[in-house]
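Notes to accompany the following structure.
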Amino acid sequence: MDFFEAVSKRYSHRTAFLNQPIPDEDIRKMIDAGIRAPSGMNAQTTSFVVVTDPALRTEIAEVVPTPAVQTAPVILAVLTEHVVTPCGLAFEIEDYAASTQNILLAAAALGYGTVWMDGKLKSESVNARIREILNVPEGKHVRCILPVGVPAETGRQNERKSFEERCTYNRF
């Protein structure tokens with residue numbers, strides 16, 4: 001699937017996945033897309049945990065009990081590290097967002113469903129439990145999880161406002 005088709009077909013898959021494994025080659029392609037995302041001053045503050053172990057996935061699903069998390073054959077955790085660059089700025093939020101978007105598009109291009117889940121992880125207790133499950137070292141923060149799989153039912157992207165409603169040329 002070409003890039004623009006992947007952009008138009010990507011949607012937030014929140015329902016169940018089929019009980020179908022994802023080949024490691026596809027997982028690596030998705031993570032590589034995240035690694036290749038832009039990074040502020042090339043600080044490369046984003047890292048990833050690929051969760052394929054059924055026991056760990058079950059533990060995560062107990063903390064984030066949604067159909068997608070409960071049935072995903074793979075859960076990708078996107079982590080950041082706070083790094084202050086030589087110019088005195090930190091870019092971990094931008095870095096993780098760019099990496100996550102690349103992974104979402106790669107998953108769509110490969111025919112998988114996923115959803116960017118960060119809301120529940122903003123709770124300190126939920127985040128701490130996910131950090132504990134994944135053995136995340138001090139200095140790294142779990143920003144989001146991405147349950148990935150073959151959708152049991154394919155969804156579609158929500159309607160978007162028109163180009164004219166969201167874009168102007170030269171001045172607002």
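- A 6.0 Å sphere centred on CZ of R156 holds no more than 12 heavy atoms belonging to other residues, nucleotides or ligands.
- V7 and V115 sit in two unconnected hydrophobic clusters of ILVMFWY residues. Membership requires side-chain heavy atoms under 4.5 Å apart, directly or through other members.
- Crowding of D2 atom CG: a count of heavy atoms from other residues, nucleotides or ligands under 6.0 Å exceeding 12.
- The side-chain heavy atoms of V78 and I145, taken from C-beta on, include no pair separated by under 4.5 Å.
- L105 CG to E5 CD: the interatomic distance, rounded to the nearest 0.5 Å, is 12.5 Å.
- Of the possible donor and acceptor atoms, one in the side chain of H13 sits under 3.5 Å from a partner among the backbone N and O of T15.
- N102 places a side-chain N or O within donor-acceptor distance of the main-chain N or O of A33, the cut-off being under 3.5 Å.
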**OP:** With side chain to side chain contact (heavy atoms under 4.5 Å, CB included) as the test, would you mind laying out the steps for T154 and Y11 before giving the verdict?
**Re:** CA-CA 9 Å; T154 304; Y11 69 97; 4.1 Å; yes

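- In the hydrophobic clustering of this structure, L89 groups with M41; members are Ile, Leu, Val, Met, Phe, Trp, Tyr whose side-chain heavy atoms approach within less than 4.5 Å, directly or through other members.
- Interatomic distance, D95 CG to R143 CZ, rounded to the nearest 0.5 Å: 10.5 Å.
- A donor-acceptor pair shorter than 3.5 Å can be found between the side chains of E165 and S162.
- For the pair P73 and G149, the tightest heavy-atom approach, listed with the atom from each and the gap, is CD-CA, 3.8 Å.
- In this structure, the side chain of R14 does not engage the main chain of A68 through any donor-acceptor pair within 3.5 Å.
- Looking at D26 and Y112, their side chains do bring a donor and an acceptor atom within 3.5 Å of each other.
- Looking at every heavy atom in both residues, A43 comes nearest to S39 through N-OG, 3.3 Å.
- A distance-only check finds no donor-acceptor pair linking the side chain of T80 to the backbone of E92 [under 3.5 Å].
- Inter-residue side-chain proximity for I22 and M30 is flagged as met; some heavy-atom pair is nearer than 4.5 Å.
- Distance check: T85 OG1 to N42 CG gives 11.5 Å after rounding to the nearest 0.5 Å.
- With respect to D32 and R36, a salt bridge is recorded, a charged nitrogen being found less than 4.0 Å from a carboxylate O.
- Put simply, the side chain of L18 does not reach to within 4.5 Å of the side chain of P151, judged on heavy atoms.
- Salt-bridge check for R129 with E132: passed, with a basic side-chain N closer than 4.0 Å to an acidic carboxylate O.
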**OP:** Could you please spell out the steps behind the side chain to side chain contact (heavy atoms under 4.5 Å, CB included) verdict for I130 and I60?
**Re:** CA-CA 7 Å; I130 298 294; I60 293 170; 3.9 Å; yes

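- The structure places CD1 of I75 at 6.5 Å from CZ of R57, a figure rounded to the nearest 0.5 Å.
- At a threshold of 4.5 Å between side-chain heavy atoms, the hydrophobic network of Ile, Leu, Val, Met, Phe, Trp and Tyr places L110 and I31 in one connected group.
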Subject >> Verdict with reasoning, V136 to V142, per side chain to side chain contact (heavy atoms under 4.5 Å, CB included) >> reply: CA-CA 8 Å; V136 175; V142 181; 3.9 Å; yes

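- Side-chain contact between M117 and C144: absent, with no pair of heavy atoms (C-beta onward) separated by less than 4.5 Å.
- Side-chain contact between V148 and L76 is present, with at least one heavy-atom pair separated by less than 4.5 Å.
- Within the 4.5 Å cutoff, the side chain of S47 has no heavy atoms near those of the E81 side chain.
- Between V74 and the options T114, I27, V51, D24, a side chain to side chain contact (heavy atoms under 4.5 Å, CB included) holds for only I27.
- Between F48 and the options T100, I103, L79, a side chain to side chain contact (heavy atoms under 4.5 Å, CB included) holds for only I103.
- Put simply, L146 and V64 are part of two different groups of oily side chains (I, L, V, M, F, W, Y) that touch within less than 4.5 Å, one to the next.
- The minimum heavy-atom distance between P147 and A72, with the atom names listed, is CB-CB, 3.6 Å.
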**OP:** Using the side chain to side chain contact (heavy atoms under 4.5 Å, CB included) rule, take E138 and R131 through it: C-alpha gap first, then chi angles, then the decisive distance, then the call.
**Re:** CA-CA 9 Å; E138 281 297 316; R131 287 174 47 84; 3.7 Å; yes

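- Distance check: W116 CH2 to Y96 OH gives 5.0 Å after rounding to the nearest 0.5 Å.
- Side-chain atoms of Q157 come within 3.5 Å of backbone atoms of R10 as a donor-acceptor pair (strictly under, hydrogens ignored).
- Counting only distance, with no hydrogens or angles, the side chain of S99 and the backbone of G34 share a donor-acceptor pair below 3.5 Å.
- The structure places CG of L121 at 7.5 Å from NE2 of H141, a figure rounded to the nearest 0.5 Å.
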